[in-house]
Q: 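Please see the structure below; I have some questions.
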Number of protein chains: 2
Amino acid sequence: LIDIREAWKTYQVGEVLIPAVRGVSLTVSAGEFLAITGPSGSGKSTFMHLLGCLDRLSSGSYGFEGRRVHELSRRELARLRNQRIGFVFQSFNLLARTTIVDNVALPLIYQGVRRAERRRRAAEMLERVGLGDRLRHHSNQLSGGQQQRVAVARALVTRPGMLLADEPTGNLDSKTSTEIMGLFRTLNEQDGITVVVVTHEADIAAYARRHVAFRDGQLVQDRSGASA
Amino acid sequence: LIDIREAWKTYQVGEVLIPAVRGVSLTVSAGEFLAITGPSGSGKSTFMHLLGCLDRLSSGSYGFEGRRVHELSRRELARLRNQRIGFVFQSFNLLARTTIVDNVALPLIYQGVRRAERRRRAAEMLERVGLGDRLRHHSNQLSGGQQQRVAVARALVTRPGMLLADEPTGNLDSKTSTEIMGLFRTLNEQDGITVVVVTHEADIAAYARRHVAFRDGQLVQDRSGASA
Ligand SMILES: Nc1ncnc2c1ncn2[C@@H]1O[C@H](COP(=O)(O)OP(=O)(O)OP(=O)(O)O)[C@@H](O)[C@H]1O
Ligand SMILES: Nc1ncnc2c1ncn2[C@@H]1O[C@H](COP(=O)(O)OP(=O)(O)OP(=O)(O)O)[C@@H](O)[C@H]1O
Ligand SMILES: [Mg+2]
Ligand SMILES: [Mg+2]
């Protein structure tokens, strides 16, 4: 599914160059459940944006489902993202003064789904993350953990082949975290969705069958094995 | 220091009333270190906004350092916040396209601190949270955990008498979390700063000497005792 080789991503701030991702290679098969850990600032979110086709590699290559992502046009990338990938952002990226049903339904507009069906699927996904009684709220009328769950619902509503979740439980209590990770596990085991989760918490990482660790922009560990 | 009695906060969404805080009473003495836990959506952030004089009680009374907060004008509240309270927001609330030095220096402008001194104190606080090598970055040019630490630095730069931190380590790895909580402990024990931390993590709550728990907008537990 994913074949990344020698990926680099360098930011520029004034005259200073910041190599956030430094020559990372990774292969992920369809249906895997992978956890990415590492210190704050070590390159995890930057790498997730490359995986999610939200940002271009500075150098290196990225093959996704056999397509050469680093050579696609912006339009082709947008279409690939919308159809194949669900992304839960570390800072949620919701529309503040829009209802959560409309927020979650947004990706379905690009897929040409009709209005009644969009609302039905968005409401259903919000129920699955425990927000069925908050449908009319704007996203800025919710708690932090509720907003995080709206972001999860929006990432899943298009039934993506791959879910990329950047610290999806940082604002959740342990009971709600368990519900969300349980949902990811179900989607992985029953629907075959490939799941990549960035997390700082060992008991969240434990849901994954494979663990990779970042440090200073590089992958320093890659382990498969026992999970929760 | 804090004397809150029968505090209520009700939001309105369309015709629906949402009682986020339901008759909460709490007394906090100067110099305490208090942790607030509770499920997602249980009212913690709403209560913190009342404590931080960022929002008005729907009913009840709030005495802060002997002043009747629920009777102060907007101008008096703004001045009280700026001089006495440091607030770390769950969603950071930084200015995205402003450097982190300018972000952190902002509260010092309202205090009439001169420009060179503002920059010096902002840079010093950013060093204390491990961001000394990122001073020229805009806050949207940082990782999630780095942004969280900028929010901590901004809350502390005015040397407040009370620090209110709403989930200050949600985006931090364990090493960086320990550094930030260690900083809070030092400020509490050496400078006598009153600290109130909302957290979902037991090992973060363990830094506090007293624990209160929210559930459905009410305080259901209040325990003092052993900590880390
Ligand atoms: N501006 C608002 N308008 C309407 N309802 C709101 C608003 N802000 C919060 N709420 C509701 O009030 C309740 C309490 O929210 P609050 O943000 O205090 O929860 P919390 O305990 O901080 O949760 P979390 O742990 O998820 O951050 C939630 O049910 C939420 O939906
Ligand atoms: N837009 C940007 N411009 C410049 N530098 C950036 C930008 N975004 C991130 N960085 C830098 O790149 C490095 C990696 O950032 P990244 O967001 O990938 O870290 P992370 O591992 O996700 O951290 P966290 O756990 O704190 O979320 C950091 O040192 C950060 O300062
Ligand atoms: Mg990140
Ligand atoms: Mg909250």
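In this text, all values refer to a predicted model and were calculated from it rather than measured experimentally. Below, chain A is the first sequence line, B the second, and so on; all start at residue 1.
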Q: Which bit of B:I18 comes within less than 4.5 Å of chain A, counting heavy atoms only: side chain, backbone, both or neither?
A: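 For B:I18, side-chain heavy atoms alone lie under 4.5 Å from chain A.
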Q: Using heavy-atom distances under 4.5 Å, tell me whether B:S174 contacts chain A through its side chain, its backbone, both, or neither.
A: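 Neither the backbone nor the side chain of B:S174 comes within 4.5 Å of chain A.
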Q: Of A:K175, A:Q148, A:Q146, which is the lone residue that meets side chain to side chain contact (heavy atoms under 4.5 Å, CB included) with B:S40?
A: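 With B:S40 as partner, A:K175, A:Q148, A:Q146 yield a single side chain to side chain contact (heavy atoms under 4.5 Å, CB included), made by A:Q146.
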Q: Please identify, among B:P39, B:S45, B:S91, B:A20, the residue contributing the most non-hydrogen atom pairs under 4.5 Å to chain A.
A: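 Most heavy-atom pairs under 4.5 Å with chain A: B:P39.
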Q: For chain B, which of A:N171, A:T199, A:V16 has the most heavy-atom pairs under 4.5 Å?
A: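 Among A:N171, A:T199, A:V16, the one with the most close pairs to chain B is A:N171.
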Q: Most heavy-atom pairs under 4.5 angstrom with chain B, which of A:K44, A:Q147, A:R149?
A: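 Highest number of pairs under 4.5 Å: A:R149.
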Q: Count the heavy-atom pairs under 4.5 Å between each of B:H137, B:E201, B:Q141 and chain A, then report the option with the highest count.
A: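 The answer is B:H137.
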Q: Give a yes or no on whether A:R120 atom CZ has more than 12 heavy-atom contacts from other residues, nucleotides or ligands under 6.0 Å away.
A: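 Yes.
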Q: Heavy-atom count around A:R119 CZ within 6.0 Å, excluding the residue itself: above 12?
A: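 Open.
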Q: Should we count CZ of B:R128 as having more than 12 external heavy atoms under 6.0 Å?
A: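 No, not enclosed.
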